[in-house]
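This report refers to the structure that appears directly beneath it.
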Amino acid sequence: MEKQRNISEFILLGLSYDQNMQIFCCVLFLFCYVALLAGNLLILVSIRCSPLLHQPMYYFLSHLSSMDICYTSTVTPKFIGDLLRGTKTISYGNCMLQVFAVHFFGSIEVFILTVMAFDRYVAICKPLHYVIIMDRTRCHLLVLAAWAGGALHSFPQLLMAIQLPFCGPNEIDHYFCDIFPLLKVACTDTYITGILVVANSGMVTLVTFVVLFISYVIILFSLRHRSAEGRRKALSTCGSHITVVSLFFGPSIFVYLRPPTTFPEDKIFALFYTIVAPMFNPLIYTLRNTEMKSAMRKVWCQTLFSNIKNSEENV
């Protein structure tokens, strides 16, 4: 702990040293963040203010949108601010908080994606029992289990990061604080800690991905006996889920499921699961979903007409 006090802050090296590239990245990721907030808030409000909230799939989707906002907000505002100001420092305490928040909200998102896959499995493979299996109480318990899983994953990550001694240098080759870049600048042998991180983050990523993969294989296999219209509707819904899972899990597996080391490419892959995937989630889930688009039109048209009516009454 004495060694830790030798460093009160870290320097985040970011994506590039080039000033023009930093300006370009600042504009690009500011646009991405605004689009992410707008899209996920649009989904969140549309579901919460419509009857869709009582359907398990959309109930879980509203929680996924909430996690997208929370997860990305632990990284992106700081990242954009660093690009804008040119100073890329972060205090030791905020760095540890960011490690915890990234893994907490990220793992909750992973578990909610798994719950959504289970919901689709029940809906497609056991349609007659769907209402009984996915009742309101069980939906609440599944979301609660996702939060508990996030805590069980992130607290060990935080404890491992806090126990690392830092005595210099204090430059982290990343745009946010994560456990592997911190292991690289710790002034001690981090082999055992690295193995524990891989066992934690890597296995969570791998096991959930395998569960998701198997569930979708079972779903696709069961569609052989459905009508052409039934297959089309099921594939439309599952296609959205598979696209989101691929965008999120592909880069995550590359970063966390390997020997504890860092590569320059890690920062690029991290952009996919911290910014790109959460930004595209609203588009992926609404583009081919007629129920979602209909609910959005109803909610926002009613809001617009209500505002116009109130304005006319005030006049």
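Values in this document were obtained by computation on a predicted structure and should not be read as measured data.
Atom OG in S107 sits 10.0 Å away from atom CD1 in I112 (nearest 0.5 Å). Annotation: the span from L206 atom CG to S252 atom OG amounts to 12.0 Å, rounded to 0.5 Å. With rounding to the nearest 0.5 angstrom, the CG atom of L64 is 7.5 Å from the CG atom of N40. The distance from atom CG of L257 to atom OG1 of T205, rounded to the nearest 0.5 Å, is 7.0 Å. The CD atom of E171 lies 11.0 Å from the NZ atom of K184; values are rounded to the nearest 0.5 Å. To the nearest 0.5 angstrom, L83 atom CG is 11.5 Å from F24 atom CZ.
The aromatic rings of F248 and Y71 sit tilted, their planes meeting at an angle between 30° and 60°. Using cut-offs of 30° and 60° on the angle between ring planes, the pair F100 and F155 is tilted. A tilted orientation is assigned to the rings of H153 and H103, their planes being inclined by 30° to 60°. Between F209 and F249, the two ring planes are tilted [angle within 30° to 60°].
Closest heavy-atom contact between F269 and P251: O-CB, 3.3 Å. Scanning both residues, S154 and G150, for their nearest heavy atoms gives OG-O, 2.7 Å. When all heavy atoms are compared, the tightest approach of P169 to V185 is O-CB, 3.8 Å. In plain terms, the two heavy atoms of Y33 and S73 that are nearest each other are OH-OG, 2.8 Å. Between L212 and A117, the shortest heavy-atom contact is CD2-CB, 3.2 Å.
Put simply, the side chain of D18 gets close to the backbone of N20: a donor and an acceptor are under 3.5 Å apart. Between the side chain of T190 and the backbone N or O of T193, no donor-acceptor pair lies under 3.5 Å. Between the N170 side chain and the E9 main chain, a donor and an acceptor come within less than 3.5 Å of each other.
Exactly one of R136, R48, H140 qualifies for a side-chain hydrogen bond (donor to acceptor under 3.5 Å, both in side chains) with Y59. That residue is H140.
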#### Entry: side chain to side chain contact (heavy atoms under 4.5 Å, CB included) between Y175 and L271, worked out
CA-CA 10 Å; Y175 63 90; L271 289 172; 3.6 Å; yes
### Message
What verdict does the side chain to side chain contact (heavy atoms under 4.5 Å, CB included) test give for F10 and L182, after you've listed the backbone C-alpha separation in whole Å, the side-chain angles of each residue and the deciding distance to 0.1 Å?
### Response
CA-CA 10 Å; F10 295 99; L182 285 173; 4.1 Å; yes
### Query
Taking it one step at a time, do T274 and T76 satisfy side chain to side chain contact (heavy atoms under 4.5 Å, CB included)?
CA-CA 8 Å; T274 58; T76 310; 5.6 Å; no
### Query
Checking side chain to side chain contact (heavy atoms under 4.5 Å, CB included) for the pair V198/Y256: CA distance, chi angles, key distance, verdict?
CA-CA 6 Å; V198 172; Y256 293 111; over 6 Å; no
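Checked against salt bridge (charged side-chain N to carboxylate O under 4.0 Å, His left out), D266 has the following partners two or more places apart in sequence or in another chain: R258.
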